[in-house]
Engineer: 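Sharing a structure with you now.
Any value given below was found using the heavy atoms of this structure, including those in side chains, with hydrogens, waters and symmetry copies removed. These figures come from a predicted structure and were not determined experimentally.
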Amino acid sequence: MPQGKPAIVPDDGLTTRQRRTRPLLIVHTGSGKGKSTAAFGMALRAWNQGWPIGVFQFVKSAKWRIGEERALRVLGDSGEGGPVTWHKMGEGWSWIQRPGSEEDHAADAREGWEQIKRDLAAETYRFYVLDEFTYPLKWGWLDIAEVVDTLTARPGVQHVVITGRDADPRLVEAADLVTEMGKVRHPMDAGQKGQKGIEW
């Protein structure tokens, strides 16, 4: 397997090992398909390393049963890799019991973010997937400056990957790794709906 060599080595006082194990803030954005899929692929790698994984889905409906969820839940329960915890905003966060919370998406998003902040402070997970997290930021449900400050100041060795279209430029600027997925062609362009094994 080829090993990438950086074109530039910064004069930051860190050893190669320290720089190589630095926790990353990652953003997958753009109009193309595969942002969440790529994040869950990284989660599989994290599971293989034995890292605790926290998945927070901010937009996808609780009724959707996506393949990555089932696979990662089974793997997390297998005892062979890292444990996996999965939260969906659409079904109400598991730590709140607020009547009518399904209808107040902004309040749910804020509560989800509060839990993420608690988990980051406690270093609960080694790898976080904040799926479709760009949307609560875009819609003004969360304060982007506070989100960026919290993520960049997180303690320990916690990797965070954020997915969704239209990532805020401030989030992109703060991230260590940004991938923009561009669409060249998609079956929906020809009127075809999503299909099993491809979209879920």
Side-chain angles (χ1 to χ4, degrees), residues 1-4 6 14-29 32-96 111-134 147 150-164 167 171 175-179 181 194 196-200:
M1 176 184 289
Q3 296 191 8
L14 298 176
T15 66
T16 300
R17 181 180 298 274
Q18 287 171 323
R19 202 174 296 112
R20 188 174 187 177
T21 58
R22 192 171 56 87
L24 299 177
L25 176 58
I26 303 161
V27 174
H28 295 171
T29 193
K33 175 177 168 48
K35 297 177 287 293
S36 297
T37 303
F40 293 133
M42 295 177 82
L44 288 174
R45 294 175 179 171
W47 171 84
N48 187 57
Q49 295 299 323
W51 297 351
I53 299 165
V55 177
F56 297 81
Q57 286 192 295
F58 277 83
V59 172
K60 290 185 172 73
S61 168
K63 296 177 182 177
W64 295 355
R65 295 292 174 236
I66 63 170
E68 295 98 335
E69 177 184 357
R70 181 166 182 237
L72 280 165
R73 283 186 186 271
V74 168
L75 290 171
D77 291 342
S78 72
E80 294 187 27
V84 179
T85 306
W86 201 288
H87 304 286
K88 290 186 192 177
M89 189 179 87
E91 64 188 5
W93 301 109
S94 61
W95 52 83
I96 58 173
E111 183 56 36
W113 171 241
E114 289 302 316
Q115 182 60 42
I116 291 165
K117 289 197 300 185
R118 290 188 288 268
D119 285 333
L120 288 169
E123 300 181 50
T124 304
Y125 307 109
R126 180 83 183 268
F127 190 87
Y128 295 73
V129 177
L130 310 188
D131 191 35
E132 314 285 9
F133 189 59
T134 60
V147 167
T150 300
L151 292 174
T152 55
R154 67 195 185 282
V157 184
Q158 301 181 91
H159 300 282
V160 179
V161 58
I162 294 169
T163 73
L171 181 63
D176 302 291
L177 171 58
V178 180
T179 298
M181 311 239 176
K196 295 178 182 178
I198 304 298
E199 268 75 35
W200 71 90

Engineer: Is there side-chain contact between Arg126 and Val157, with at least one heavy-atom pair below 4.5 Å?
Structural biologist: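 Yes, their side chains come closer than 4.5 Å.
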Engineer: Can you tell if the side chain of Arg73 reaches within under 4.5 Å of the side chain of Glu69, non-hydrogen atoms only?
Structural biologist: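 With C-beta onward as the side chain, the pair touches.
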Engineer: Please list, chain by chain and in numerical order, all residues satisfying side chain to side chain donor-acceptor pair (under 3.5 Å) with Glu68, sequence neighbours excluded.
Structural biologist: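 Result, side chain to side chain donor-acceptor pair (under 3.5 Å) vs Glu68: none returned.
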Engineer: Supply the atom-to-atom distance Asp176 CG to His159 NE2, rounded to the nearest 0.5 angstrom.
Structural biologist: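 Between atom CG of Asp176 and atom NE2 of His159 there are 10.0 Å.
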Engineer: Report the residues that fulfil side chain to side chain donor-acceptor pair (under 3.5 Å) with Glu114, sequence neighbours left out, ordered by chain and then residue number.
Structural biologist: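 Expected list: Lys117.
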Engineer: So, for Val27 and Ala175, which heavy atoms are closest and what is the spacing to 0.1 Å?
Structural biologist: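 Heavy-atom minimum between the residues: CG2-CB, 3.8 Å.
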Engineer: Output the distance between atom CG (Leu130) and atom CH2 (Trp113), rounded to the nearest 0.5 Å.
Structural biologist: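 Reported to 0.5 Å precision, the distance equals 7.5 Å.
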Engineer: Are any non-hydrogen side-chain atoms of Leu120 and Leu151 less than 4.5 angstrom apart?
Structural biologist: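 Sidechains of Leu151 and Leu120: in contact.
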Engineer: Which atom pair, heavy atoms only, marks the closest approach of Ile26 to Met42?
Structural biologist: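 Ile26 and Met42 have their closest heavy atoms at CD1-CE, 3.4 Å.
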Engineer: Hey, could you give me the OG1/NZ distance between Thr179 and Lys35, rounded to the nearest 0.5 Å?
Structural biologist: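 Separation between the atoms: 11.5 Å.
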Engineer: Flag the pair Phe56 / Tyr125 as yes when at least one side-chain heavy-atom distance between them is below 4.5 Å, and no otherwise.
Structural biologist: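 Phe56 vs Tyr125: side chains touch.
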Engineer: Any side-chain heavy atom of Ile116 sitting closer than 4.5 Å to one from Thr150?
Structural biologist: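 Of all side-chain heavy-atom pairs linking Thr150 with Ile116, none is under 4.5 Å.
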Engineer: Measure the OH-OG1 distance between Tyr128 and Thr85 for me, rounded to the nearest 0.5 Å.
Structural biologist: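 Answer for the OH-OG1 pair, Tyr128 versus Thr85, is 10.0 Å.
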Engineer: Can you name the residues that form a side chain to side chain donor-acceptor pair (under 3.5 Å) with Thr21, not counting sequence neighbours?
Structural biologist: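 Residues passing side chain to side chain donor-acceptor pair (under 3.5 Å) with Thr21: none at all.
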Engineer: Only counting residues at least two apart or in another chain, list the ones meeting ring pair (Phe, Tyr, Trp, His ring centres under 6.0 Å) with Trp47.
Structural biologist: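 With neighbours one apart ignored, the set is empty.
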Engineer: With sequence neighbours left out, what residues match Lys33 under side chain to side chain donor-acceptor pair (under 3.5 Å)?
Structural biologist: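 Here no residue qualifies.
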Engineer: At their closest point, which heavy atom of Ala167 faces which heavy atom of Thr29, and how far apart are they?
Structural biologist: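 Residues Ala167 and Thr29, closest heavy atoms: N-OG1, 3.2 Å.
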Engineer: What closest approach, in Å, do Gln158 and Arg154 show between heavy atoms, and which atom pair accounts for it?
Structural biologist: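 So the two residues come closest at O-NE, 2.6 Å.
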Engineer: Is there side-chain contact between Leu25 and Ile162, with at least one heavy-atom pair below 4.5 Å?
Structural biologist: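 Answer yes - side chains close enough.
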Engineer: Just how far is it from atom CZ of Arg20 to atom OG1 of Thr15, taken to the nearest 0.5 Å?
Structural biologist: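 The distance works out to 11.5 Å.
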Engineer: Taking ring pair (Phe, Tyr, Trp, His ring centres under 6.0 Å) as the definition, give me every residue that meets it alongside Phe127, ordered by chain and number, with sequence neighbours left out.
Structural biologist: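 Ring pair (Phe, Tyr, Trp, His ring centres under 6.0 Å) list for Phe127, sorted by chain: empty.
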Engineer: Contact between Glu132 and Gln57 at the side-chain level, heavy atoms closer than 4.5 Å - yes or no?
Structural biologist: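 They are not in contact (no side-chain heavy atoms under 4.5 Å apart), so the answer is no.
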